[in-house]
Amino acid sequence: MGKRIALAALLVLFCFTVGNIFAEGASEKKASSAGKQIVVGVSVGDLRLERWKRDMDLMVAQAESMGAKVYSNSADGDAKLQLSQIENMLTKGINVLVCIPVNGKVLAPAVEAAHRDGVKVIAYDRIIEDSDLDYYITFDMLGVGKLQATYLLKKVPKGRYYLLAGDKTDNNAKLFREGQMMVLQKYIDNGDVKVIGDQWAEGWLPEKAMKLTENVLTAVNNQLDAILASNDSTADGAIQALIEQGLAGKIPITGQDADIAACQRIVEGTQTMTVYKPLPRLAKAAIEFAVNIASGKEIKTNATYKNGFKDVPSVNLDIYAVDKTNMIDLVIKDGFHSYDDVYKNVPAKDRPPRP
Ligand code: BGC
């Protein structure tokens, strides 16, 4: 009998303690939105690419300026790892999740897991498909492809084009291609543009892009007039292949992201253009959203995006085509890169005046 009472007492104590732990957990989240430091979880698809390092640094700085803290992880291109990293972050206790998916098709379970914990999810640059996603902060992705193709057509109105896209599992890679084709198709149909190669670089990695380009160059005996590369990391790989063949600077090639290395290549003449997507504005918007959500403030969006499940409230930011002629006005004056970094390898006498 005595044993039974002791057991019952233990049970009561156990329930009380567990109840308290849960109650504490729940009030933790509320407390953080009402005074405690806000924690934003940022799950980055792949920090190996310069583009995302830049985003990450900007987000951390923006969070600090708003008194919030960032927990971050890089999945290094591994979609499964990303899901478990997010689950981990949720157990650590974040207020809002900002996510750059490796593969937006398989990340709906992360949105569900976050929602179970009362955590809202903001997709950053890449959408999370077929999910009850809360917000999407992005650029005009079709517009990127259109800018690239329009620019290249001005340089090479007729000729042999090699199309070098990004990772097939990245929805954006498809949108860039779609945008490119909106402009290019008519010239392919009338025979002005002949597509002599069409490749997708796994993980957007320069080494993959380099290999693919080497193969294309061999297959066509170096006979090509233009490369429509979807971003700067693929352009990087393609340019390395062109260098091997003594063709760098002779074949116009596009890009995207205004990576520092790409901006240097542009002013040095081996890359023709890039698309500048003002990352400081994207990072700022994402963190402001996260902090406002955690503080229960009103959120304003300017677009919606269909993700297969719903029209996701979105923010769509503008993009810009950048080449040698407007590098200073668009990239340097915006504070994205410094004049000294961009013109690092250009002899002083050949540099444009410092702004
Ligand atoms: C982004 C690009 C980036 C690419 C590779 C895309 O989803 O929109 O800016 O270059 O991924 O990381």
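First listed ligand is number 1; within each ligand, the first listed atom is number 1.
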Aromatic plane relationship, Y276 with F336 - under 30° parallel, 30 to 60° tilted, over 60° perpendicular: tilted
Under a 4.5 Å cut-off applied to non-hydrogen side-chain atoms, are S295 and I38 in contact? yes
Would R126 and Y136 count as a cation-pi pair here, with the cationic atom under 6.0 angstrom from the ring centre and within 45° of the axis? no
May I ask you to say whether K146 pairs ionically with D140, meaning some side-chain N is under 4.0 Å from a carboxylate O? no
Taking distance alone, no hydrogens or angles, what donor-acceptor pairs closer than 3.5 Å link side-chain atoms of residues 83-92 to residues at least two apart or in another chain?
residue, atom, partner, partner atom, Å
S84, OG, L81, O, 3.0
Q85, NE2, S74, O, 3.1
T91, OG1, N88, O, 2.6

Is the number of heavy atoms from other residues, nucleotides or ligands under 6.0 Å of Y71 OH greater than 12? yes
Quick check on ligand 1: any N or O pairs to the protein under 3.5 Å? One line per pair.
residue, atom, partner, partner atom, Å
ligand 1, 7 (O), R126, NE, 2.6
ligand 1, 7 (O), R126, NH2, 3.4
ligand 1, 7 (O), D170, OD2, 2.6
ligand 1, 7 (O), N172, ND2, 3.0
ligand 1, 8 (O), D125, OD1, 2.6
ligand 1, 8 (O), N172, ND2, 3.2
ligand 1, 8 (O), K277, NZ, 3.0
ligand 1, 9 (O), R51, NH1, 2.7
ligand 1, 9 (O), D257, OD1, 2.7
ligand 1, 9 (O), K277, NZ, 2.9
ligand 1, 10 (O), N231, ND2, 2.8
ligand 1, 10 (O), D257, OD2, 2.5
ligand 1, 11 (O), R126, NH2, 2.8
ligand 1, 11 (O), D170, OD2, 3.4
ligand 1, 12 (O), W52, NE1, 2.8
ligand 1, 12 (O), R126, NH2, 3.3

